[in-house]
Structures are given as structure tokens and as C-alpha cells.
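Only a predicted model underlies this, so the values are computations on that prediction, with no experimental measurement involved. Computed over heavy atoms, backbone and side chain alike; hydrogens, waters and symmetry mates excluded. Throughout, numbering of the chain's residues begins at 1 and tracks the sequence.
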Amino acid sequence: MVTMSELHKYGRTKLIMPGTAACPGCPLQIGLRQLIMALEGKLTLVIPAGCSSVIPGAAPYTSFTVPVMHVPFASSPSVASGLVRALRARGVDGHVVVWAGDGATADIGFAALSGAAYRNEDIIYILADNEAYMNTGIQASGTTPKKAWTTTSPRGKAEDKKDVALIMLMHKVPYVATASIAYPIDFIDKVRRAASIRGFKFIHLHAPCPPGWKFPDDYTVKVARLAVETGMWILWEYYQGKLTISPPSAPYRDKQRRKPIEEYIRIQGRFAQLSKDDVREIEAMVDQEWGVLMRLANIFNIS
């Protein structure tokens, strides 16, 4: 497990150079720093179109301190598959990591993602999920929560979101987990466990976006933490054939220990239109999601 002293050591290291094009409070910069820290800078990133294509700045310059391939929207799993095979053929045992948003994962790039998982390619795929197409104007994506405002769902999204991590679990890959930028130790530990395994690894990282979700720039970590504390985002891990609820989420298996969902949604302008009935419907969806995960945990012989 990563220690606080290790976090402090890397906190003094420029894992991403200053002067990026990221928005104030951007969760993607937080998550990228944690990822690079987890692998000690020994990785190659494959990034499809999205916010993370813009953050490093205009070519030929970059703010990232690791090798990066910027690729078309739907191609990142395929590019990563070819890259890792080329590296292995040359005797290089480095980590190839796809860092993709929700549009490039759950929607436009899903066919390539499913194919890479089906082939059990030796890559780490991280879905850095800000729950909409933020880079192109805050349009709804497959992972946008039901009832959330976007520019293409001005009255609130009518459809429920895709649970991409569970979809990937059903691909029978060796490693699947969820994580949050508010819990760096949990995320870093999961990245390192994933890196120790051969085959396809998938981590769904929750990344609240200030302009897209309409909350203050300095609330990013607060909002991410509230998602876990209210049960709206559940941290879990499938590893070595077992599915477990991760320690930060474990107390909230007990519904009575969760914070009220209103604490999470009331500080986000994208939920400003919700009625009390809407909130109750969201609460029911949260309970249902917990029920599904707990039944899956039992199926995998985990209490």
C-alpha cells in the first residue's frame, strides 16, 4: 500500500508541468498525477480525443512528463493493443495505459474497448469519467446520470447511465475496479495491483467537473468525496476472482451510515431542477445499485 510519506515525496515532484490548458479545479489533472505517481513515471499514455487532449497544450509542446500518443476518438484501445504488442516484441516490459473519457469509452469507442477486453490485451484502461462530453460543450454521454442537466438534456437526462465497470466485469477480464480522485491511496493501490497482472485491466475513475457540473472550482475533491459518502459512487474491486467493496465505501453498505443524497446534488447546478420526487427516485436507484453489487459479491463468495 502507498504511504503518506510517498505521497508527500511525489507531491514535490512535477508529474505534470505547470501552465496547462486545464480548467481551474480540473479533476483530470488530479487523476493523472495520481496515475503517474502510481507507476513511478514508467508508462506510455494513449489518449483519445477529449479534455485530456487539450490539457497538455498545443503541439509540439506538452505539459505531460511521460510519453503520450494522442489518437482519434474511437481508436485508443486498438492503438494501445498494437503498441503493447510492439513493445513486447522488442523485449520491452513497460506499461501501456489508455486514459480516456466517458465519450471515448462508453459511447464512440466502446466497440474497440470491448474488442480489446475480449482479446485480453495486456493494457490498463482508465475511464476518467466526468460524466459528459465536456470538451465540446457539455453534451450528455452514456455515463451522464439520469436527471442531470446537459446542453442536450436541458430538462434533465431521461435515460439511466451505463455501468461501464460492470459491463467490463462481464467480459471476464482479470481486473476491474472503480476509483475516485478524492481517494488517492485507494486509486494508486488499484493501479499498482492492475499493473502486476498480465491481461486487460479496467479502472473507472470518478472525476467531477466544475464547469460541467456547475459547482465552484475549489469543490472538486469535496464533490468527489460526497459521491462516495452518500453512496452515489461505490468503490469496489474485482481481483483474483473476488469482488470486494473497497475500504472507503465499505461503511456505506449500511444505508443508515450514508450522508443524505441532497448533500451531494444540492451543490451541483446540473441538478438544480430536481423535485423531491426526483430525489427519491435517485435514492431508489442508489439502493438498487448497492443491491446489485452486494449480490454479485455473494456470487463471488465474498461477504
Side-chain angles (χ1 to χ4, degrees), residues 1 77 100 102 105-107 110 113-121 123-129 131 141-146 159-183 185-207 224-259 261 264 281-303:
M1 177 180 289
D102 41 298
T105 302
D107 302 333
F110 184 76
L113 170 64
S114 181
Y118 171 75
R119 298 189 303 272
N120 199 30
E121 300 285 357
I123 62 178
I124 301 172
Y125 192 107
I126 297 177
L127 162 52
D129 189 3
E131 298 185 346
S141 78
T143 67
T144 302
K146 189 174 184 179
E159 304 83 13
D160 202 353
K161 66 179 181 180
K162 298 179 185 179
D163 196 327
V164 185
L166 287 185
I167 294 172
M168 300 317 297
L169 180 66
M170 294 301 108
H171 281 67
K172 301 178 183 178
V173 296
Y175 187 89
V176 181
T178 62
S180 167
I181 57 99
Y183 295 89
I185 291 176
D186 178 72
F187 178 42
I188 290 169
D189 284 342
K190 286 173 176 173
V191 170
R192 289 180 174 176
R193 277 193 289 276
S196 70
I197 301 169
R198 288 288 189 186
F200 190 88
K201 291 82 61 173
F202 182 88
I203 300 176
H204 193 161
L205 179 68
H206 197 229
R225 188 175 293 118
L226 276 171
V228 173
E229 293 173 341
T230 58
M232 290 283 290
W233 185 255
I234 307 170
L235 300 175
W236 57 270
E237 181 179 46
Y238 173 77
Y239 175 55
Q240 295 182 338
K242 298 180 180 180
L243 191 152
T244 57
I245 305 299
S246 303
S249 276
Y252 309 116
R253 286 185 290 189
D254 180 358
K255 183 178 178 180
Q256 303 305 314
R257 299 186 68 176
R258 300 176 205 161
K259 290 185 177 180
I261 285 174
Y264 176 65
E281 185 177 344
I282 291 173
E283 289 174 341
M285 289 190 295
V286 170
D287 291 340
Q288 181 182 41
E289 185 170 355
W290 273 96
V292 168
L293 273 176
M294 297 314 299
R295 286 193 292 275
L296 282 173
N298 288 331
I299 290 172
F300 286 104
N301 297 318
I302 301 300
S303 61

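Ion pairing between a basic and an acidic side chain is recognised when a charged N comes within 4.0 Å of a carboxylate O; Asp107 and Lys162 show such pairing.
Interatomic distance, Glu159 CD to Lys146 NZ, rounded to the nearest 0.5 Å: 9.0 Å. Considering CD1 of Ile126 and CD1 of Ile203, their distance stands at 5.0 Å, rounded to 0.5 Å. In this structure, CZ on Arg258 lies 5.5 Å from CG on Asp287, to the nearest 0.5 angstrom. The CG atom of Asp102 lies 6.0 Å from the OG1 atom of Thr144; values are rounded to the nearest 0.5 Å.
Aromatic ring orientation, His206 versus Trp233: parallel (interplanar angle below 30°, classes split at 30° and 60°). Note on ring orientation: taking the six-membered ring where Trp is involved, the planes of Phe202 and His204 are perpendicular (angle over 60°, cut-offs 30° and 60°).
Under the 4.5 Å side-chain criterion, counting only non-hydrogen atoms from C-beta, Phe110 is in contact with Leu113. With a 4.5 Å cut-off on side-chain heavy atoms, Tyr264 and Ile282 do not count as touching. For the pair Leu296 and Tyr238, the minimum side-chain heavy-atom distance is 4.5 Å or more. In this structure, Tyr239 and Ile197 have side chains that are in contact, with non-hydrogen atoms separated by less than 4.5 Å. Counting heavy atoms from C-beta outward, Glu289 and Val286 have side chains that stay 4.5 Å or more apart. Side-chain contact between Asp186 and Glu237 is absent, with no heavy-atom pair separated by less than 4.5 Å. Residues Lys190 and Tyr175 have side chains in contact (heavy-atom distance under 4.5 Å, counting atoms from C-beta outward). In this structure, Ser249 and Trp236 have side chains that are not in contact, with every pair of non-hydrogen atoms separated by 4.5 Å or more.
No more than 12 heavy-atom neighbours from other residues, nucleotides or ligands sit within 6.0 angstrom of CZ on Arg257. For Gln288, the CD atom is loosely surrounded, since the number of other residues' heavy atoms within 6.0 Å does not exceed 12.
For Thr143 (side chain) and Lys161 (main-chain N/O), no donor-acceptor pair under 3.5 Å exists by modelled atom type. Checked by atom type and distance alone, the side chain of Lys255 never pairs as donor or acceptor with a backbone atom of Arg253 at under 3.5 Å.
Between Ile181 and Ala224, the closest heavy-atom pair is CD1-CB, 3.9 Å. Of all the heavy atoms in Lys201 and Ala194, the pair that sits closest is CE-O, 3.3 Å. Nearest approach of Ser180 to Leu235, heavy atoms of both residues: N-CD2, 3.8 Å. What you find for Thr178 and Ala165 is that their closest heavy atoms are CG2-CB, 3.9 Å. Summarising the geometry of Ala179 relative to Phe187, their closest heavy-atom pair is CB-CD1, 3.6 Å, with the distance given to 0.1 Å. Between Phe300 and Gly241 the shortest heavy-atom distance is CD2-O, 3.5 Å.
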Report the C-alpha separation of Thr105 and Met168 in whole Å, then their side-chain angles, then the decisive distance to 0.1 Å, and conclude whether the side chain to side chain contact (heavy atoms under 4.5 Å, CB included) test is met.
-> CA-CA 11 Å; Thr105 302; Met168 300 317 297; over 6 Å; no
Test log, rule side chain to side chain contact (heavy atoms under 4.5 Å, CB included), inputs Ile123 and Phe200 | CA-CA 5 Å; Ile123 62 178; Phe200 190 88; 3.7 Å; yes
Does the side chain to side chain contact (heavy atoms under 4.5 Å, CB included) test come out yes or no for Asn120 and Arg198, once each step is laid out?
-> CA-CA 9 Å; Asn120 199 30; Arg198 288 288 189 186; over 6 Å; no
